J.: 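Following this message is one structure expressed as structure tokens.
Nothing here was measured: the structure is a model prediction, and the numbers come from that model. Quick note on labels: first sequence line is chain A, next is B, and so on, each numbered from 1. Because only heavy atoms are used, hydrogens play no part in the values below, and waters and symmetry mates are left out as well, while side chains stay in.
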Amino acid sequence: MPELPEVENVRRTMAPDLLGRTPSTVRVGLAKLVRPTPQALSAGIRGQSISQVDRHGKLLMLRMSGHGTWAIHLGMTGQVIIADRRPDAKHIHVTVGFDDGGPRLYYRDPRQFGFMAWCPDQAALDAGPLANMGPDALGIPLEVFLERVSGKGGKLKSVLLDQRVLAGVGNIYADESLHRAGLHPLVAPKDLSQAQLTALHHHLQETLAEALAKGGSSISNFVDAHGRPGTFQHAHRVYQRGGQACNECGCEIERIVVAGRSTHFCPHCQKEHF
DNA sequence: GAATACCTGAGC
DNA sequence: GCTCAGGTATTC
């Protein structure tokens, strides 16, 4: 799943079901997904309650009442499901039960690119899952955005995908916000005016907010913590629409590869500097 | 930067 | 059977 709007939807749907509850059992079926070890996570979270459920970029952070943070990254296909019964599905790698006997947390991840981490303190979080992560993309102030993006060489799309620059944007929302802003994915930020970068900031915020409101994009297997898919995929203007007509101008949407990721854009609407 | 690697599944 | 897929880390 997982770009910022999807992860934020998981956060919002899981938080009410988890706050104040105390993990009592941790079962790990695939040890490599748990850092540093399943034993460390189990010992870390059992016996203290979840006091806060936060998100930074695509990373979920469950703060424990005593100390420490239980971090969850969904990778490409990770799902957190809160349910009374084990979902009837393959690839459930972690199950956490609670001392009240209520709904359990199930972590499912077919491609195994996600992970869980036990971070005993903020330093472990900063040096581990949060290492090198820039400010969260949602609500990033314009000045901060401009400061971090303007003047950079390289390709604009690669910069948007770089979690060190800002955290949370992935392939879908990079393509969608570039189209809305009328900017070509291959242009270098240093060749853009302040007005163009300001427009990009605006459209990125708007795209993230709309996606969030529609429950995220369910392209392959994304569902929230209650198993519900999002609907923003129906509002995609370019993502995975290569060969189809642009809704704005009717031109054929192109698909190219940038930073190893498939990239979709309208050659007419997004031709700044090209 | 680009290529590759980590995995499984869907779609053609 | 092949290609592609929301992510990230590591290589040259």
Side-chain angles (χ1 to χ4, degrees), chain A residues 1-11 29-36 55-60 71-80 87 89-94 107-117 127-134 136-138 152-178 185-190 204 207-208 210-212 214-224 229-243 254-264:
Chain A
M1 44 169 15
E3 294 183 39
L4 189 155
E6 290 78 34
V7 178
E8 175 63 12
N9 260 304
V10 172
R11 189 193 72 76
L30 195 56
K32 69 165 189 173
L33 297 188
V34 182
R35 307 174 188 174
R55 179 193 59 74
H56 187 92
K58 303 167 190 171
L59 187 74
L60 290 163
I72 302 177
H73 196 295
L74 301 170
M76 204 107 119
T77 53
Q79 300 174 333
V80 170
K90 290 169 70 177
H91 310 297
I92 291 172
H93 304 306
V94 181
Y107 181 73
R108 172 165 189 264
D109 191 355
R111 284 180 76 181
Q112 307 171 20
F113 289 169
F115 64 86
M116 278 186 187
L130 284 179
N132 302 319
M133 244 191 234
D136 193 75
L138 184 64
K152 280 201 180 304
K155 301 162 182 167
L156 180 55
K157 170 152 175 182
S158 302
V159 171
L160 285 180
L161 290 177
D162 188 341
Q163 304 297 298
R164 296 170 298 187
V165 175
L166 68 171
V169 178
N171 211 29
I172 296 175
Y173 300 105
D175 281 4
E176 291 297 314
S177 56
L178 285 174
L186 297 180
V187 73
K190 66 177 170 53
L204 175 61
T207 306
L208 293 174
E210 285 178 26
L212 196 50
K214 293 193 173 173
S217 302
S218 289
I219 295 297
S220 69
N221 75 339
F222 169 69
V223 289
D224 67 21
T231 62
F232 191 69
Q233 66 275 16
H234 303 303
H236 291 172
R237 302 184 187 187
V238 288
Y239 183 74
Q240 286 194 345
R241 293 193 64 237
E254 282 185 29
R255 178 188 177 277
I256 59 174
V257 174
V258 180
R261 317 298 305 283
S262 81
T263 296
H264 317 78

J.: Work out how far the C1' atom of C/dG6 is from that of B/dG1, and round it to whole angstrom.
T.: 23 Å
J.: Distance from A/N221 atom CG to A/D109 atom CG, nearest 0.5 Å?
T.: 8.5 Å
J.: For the pair A/H93 and A/Y107, name the ring-plane relationship: parallel under 30°, tilted 30 to 60°, perpendicular over 60°.
T.: tilted
J.: Tell me the interatomic distance from A/H264, atom NE2, to C/dA5, atom C1', rounded to whole angstroms.
T.: 10 Å
J.: Within the 4.0 Å heavy-atom criterion, would you say A/G154 contacts the bases, only the backbone, or no part of the nucleic acid?
T.: sugar-phosphate
J.: Please tell me if the side chains of A/T77 and A/R108 come closer than 4.5 Å, counting only heavy atoms from C-beta onward.
T.: no
J.: Look at the side-chain N and O atoms of A/H73 and state whether any lies under 4.0 Å from the OP1 or OP2 oxygen of C/dT8.
T.: yes
J.: Within the side chain of A/E6, is there an N or O that forms a donor-acceptor pair under 3.5 Å with the backbone of A/G216?
T.: no
J.: Is a side-chain donor or acceptor of A/D136 paired with a backbone partner of A/G168 at a separation under 3.5 angstrom?
T.: no
J.: Do any side-chain nitrogens or oxygens of A/S262 fall under 4.0 Å of OP1 or OP2 in C/dA5?
T.: yes
J.: Report the relative orientation of the aromatic rings in A/H236 and A/F232; use parallel for angles under 30°, tilted for 30 to 60°, perpendicular for over 60°.
T.: perpendicular
J.: Send over the distance from A/K157 NZ to C/dG6 P, rounded to a whole Å.
T.: 8 Å
J.: Applying a 4.0 Å non-hydrogen cut-off, can you work out what A/R255 is touching in the nucleic acid: base, sugar-phosphate, or nothing?
T.: sugar-phosphate
J.: Would the distance check show the side chain of A/Q233 and the main-chain N or O of A/S218 forming a donor-acceptor pair, the cut-off being under 3.5 Å?
T.: yes
J.: Rounded to the Å, how far apart are A/Q79 CD and C/dG6 P?
T.: 16 Å
J.: Output the rounded distance in Å from CG (A/L161) to P (B/dG1).
T.: 13 Å
J.: Quick one: what's the B/S/- string for nucleotides 6-12 of chain B, heavy-atom cutoff under 4.0 Å, read 5' to 3'?
T.: BBBS---
J.: Could you state the CZ-P distance from A/F115 to B/dA5, rounded to the nearest angstrom?
T.: 22 Å
J.: Round to the nearest Å and state the distance from A/R261 atom CZ to B/dA3 atom C1'.
T.: 14 Å
J.: Please compare A/Q240 and A/A131 by the position of their nearest nucleotide in DNA chain C and report the one closer to 5'.
T.: A/Q240
J.: How far, in whole Å, is C/dG1 from B/dC6 if one measures between their C1' atoms?
T.: 22 Å
J.: Using a strict threshold of under 4.0 Å (side-chain N to carboxylate O), is an ion pair present between A/D175 and A/R261?
T.: no
J.: Looking at A/Q163, I'd like to know whether one of its side-chain N or O atoms comes within less than 4.0 Å of OP1 or OP2 on C/dT8.
T.: yes
J.: State, with a plain yes or no, whether a side-chain heavy atom of A/Q163 is found less than 4.5 Å away from one of A/N132.
T.: no
J.: Expected output check: what is the dot-bracket annotation of DNA chain B, where ( ) and [ ] are pairs inside the strand (brackets for crossing ones), | is paired with another strand, and pairs are Watson-Crick or G-U under 3.5 Å?
T.: ||||||.|||||
J.: So, OP1 or OP2 of B/dA2: does either fall under 4.0 Å of a side-chain N or O from A/K155?
T.: yes
J.: Whole angstroms only, please: what is the OH-C1' distance between A/Y173 and C/dG7?
T.: 15 Å
J.: Supply the atom-to-atom distance A/I72 CD1 to A/F115 CZ, rounded to the nearest 0.5 angstrom.
T.: 10.0 Å
J.: Roughly how far apart, to the nearest Å, are C/dT11 and B/dC7 at atom P?
T.: 16 Å
J.: Provide, to the nearest angstrom, the distance between the CG atom belonging to A/L74 and the P atom belonging to C/dT8.
T.: 11 Å
